[in-house]
Amino acid sequence: MKQETIDRLKSTVRNIPDFPIKGIQFKDLTTTLKDPEALALIADELTALYADKGVTKVAGIESRGFIGGAILAARLGAGFVPVRKPGKLPATTLKKSYNKEYGVDTIEVHQDAITGDDIVLLHDDLLATGGTMKAAIELINEMHPKKVYVNFICELDDLHGRDMFPADIEVTSLFSF
Ligand code: AMP
């Protein structure tokens with residue numbers, strides 16, 4: 001991606017200090033999404049990254065990963081799979097619990113959402129510590145897809161979240177702070 005495009009996208013992100021708790025610099029992407037040009041750039045750039053990878057399913061992580069994930073799925077001609085918080089999905093699910101800074105969280109996916117023939121692109125809006133995506137990778141791998149890719153719109157470099165993921169998984173983000 002051109003540096004000019006990266007700078008343009010980064011300029012649309014709003015930093016909110018001390019949200020949701022003291023000490024967190026929250027990167028608010030709603031200001032990116034409401035900017036028509038930035039939204040179109042994100043759709044185009046994400047599509048360009050994965051256009052030739054044979055992706056059959058995009059799995060988006062609740063809830064901010066649903067936005068880019070669904071756009072990307074439609075653009076790639078792939079299906080969309082929601083990875084959700086507990087108790088939201090109606091049919092039989094697979095679950096994965098993982099440790100957060102305070103307490104334990106769980107994510108779920110429908111057990112028939114992905115098959116061994118799928119090439120899966122896991123998508124979320126932002127990579128922070130990587131805990132959520134690590135759990136999502138493990139969850140998706142229980143369905144034994146052919147391949148898993150991981151993508152974010154934005155990555156927080158200082159937290160080194162991508163070090164949490166298996167070394168053989170390709171990870172991309174459009175821009176970082
Ligand atoms: P993590 O598991 O730490 O990588 O982050 C989980 C989710 O929390 C990400 O999908 C983000 O949507 C959100 N998140 C965490 N930290 C931030 C932050 N500093 N700014 C914006 N969103 C964040």
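Counting convention: from 1, in listed order, for ligands and their atoms alike. Side-chain atoms are counted along with the backbone in the values below, which use heavy atoms only and exclude waters and symmetry mates. Only a predicted model underlies this, so the values are computations on that prediction, with no experimental measurement involved.
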Measuring from the heavy atoms of Leu29, does anything fall under 4.0 Å of ligand 1?
no

for atom 22 (N) of ligand 1, nearest protein heavy atom and its distance come out as Phe26 CE1, 3.4 Å

Charged tip of Lys96 within 45° of Tyr98 ring normal and under 6.0 Å:
no

To atom 23 (C) of ligand 1, the nearest of Leu127, Leu126, Ile153 on a heavy-atom basis is Leu126

Measuring from the heavy atoms of Gly130, does anything fall under 4.0 Å of ligand 1?
yes

Between Phe26 and Phe19, how do the two ring planes meet: parallel, tilted or perpendicular, split at 30° and 60°?
perpendicular

Write out the residue and atom name of the closest protein heavy atom to atom 7 (C) of ligand 1, then the distance separating them to 0.1 Å.
Thr132 OG1, 4.4 Å

Protein heavy atom at shortest distance from atom 16 (N) of ligand 1
Ala128 CB, 3.4 Å

Using a strict cut-off of less than 4.0 Å between a Lys/Arg side-chain nitrogen and an Asp/Glu carboxylate oxygen, indicate whether Glu62 and Lys88 qualify as a salt bridge.
no

If we ignore angles and hydrogens, is there a donor and acceptor under 3.5 Å between the side chains of Thr31 and Thr12?
no

Distance to 0.1 Å, residue and atom name: give those for the protein heavy atom nearest to atom 20 (N) of ligand 1.
Lys27 N, 2.9 Å

Measure from NZ or CZ of Lys27 to the centre of the six-membered ring of Phe177, then state whether that distance is under 6.0 Å and the direction lies within 45° of the axis.
yes

So, Tyr50 and Thr172: side-chain donor and acceptor under 3.5 Å apart, yes or no?
yes

Indicate yes or no: does Asp105 engage Lys85 in a salt bridge with an N to O separation below 4.0 Å.
no

With heavy atoms only and a cut-off of under 4.0 Å, state how Ile61 meets ligand 1: side chain, backbone, both or neither.
neither

Measure the distance from atom 10 (O) of ligand 1 to every protein heavy atom, then report the residue, atom name and distance (to 0.1 Å) of the closest one.
Asp124 OD2, 2.5 Å

Counting only heavy atoms not in Lys134, do more than 12 fall under 6.0 Å of its NZ?
no

For ligand 1, note which part of Thr129 has a heavy atom under 4.0 Å away: side chain, backbone, both or neither.
both

For ligand 1, is any non-hydrogen atom under 4.0 Å from Gln25's backbone (N, CA, C, O), its side chain (CB onward), both, or neither?
backbone

Side-chain heavy atoms of Lys53 within contact of Glu170, under 4.5 Å:
yes

Specify side chain, backbone, both or neither for Leu156, according to which of its non-hydrogen atoms lie closer than 4.0 Å to ligand 1.
side chain

Look at atom 11 (C) of ligand 1 and find which of Ile16, Asp125, Asp105 reaches it with the closest heavy atom.
Asp125

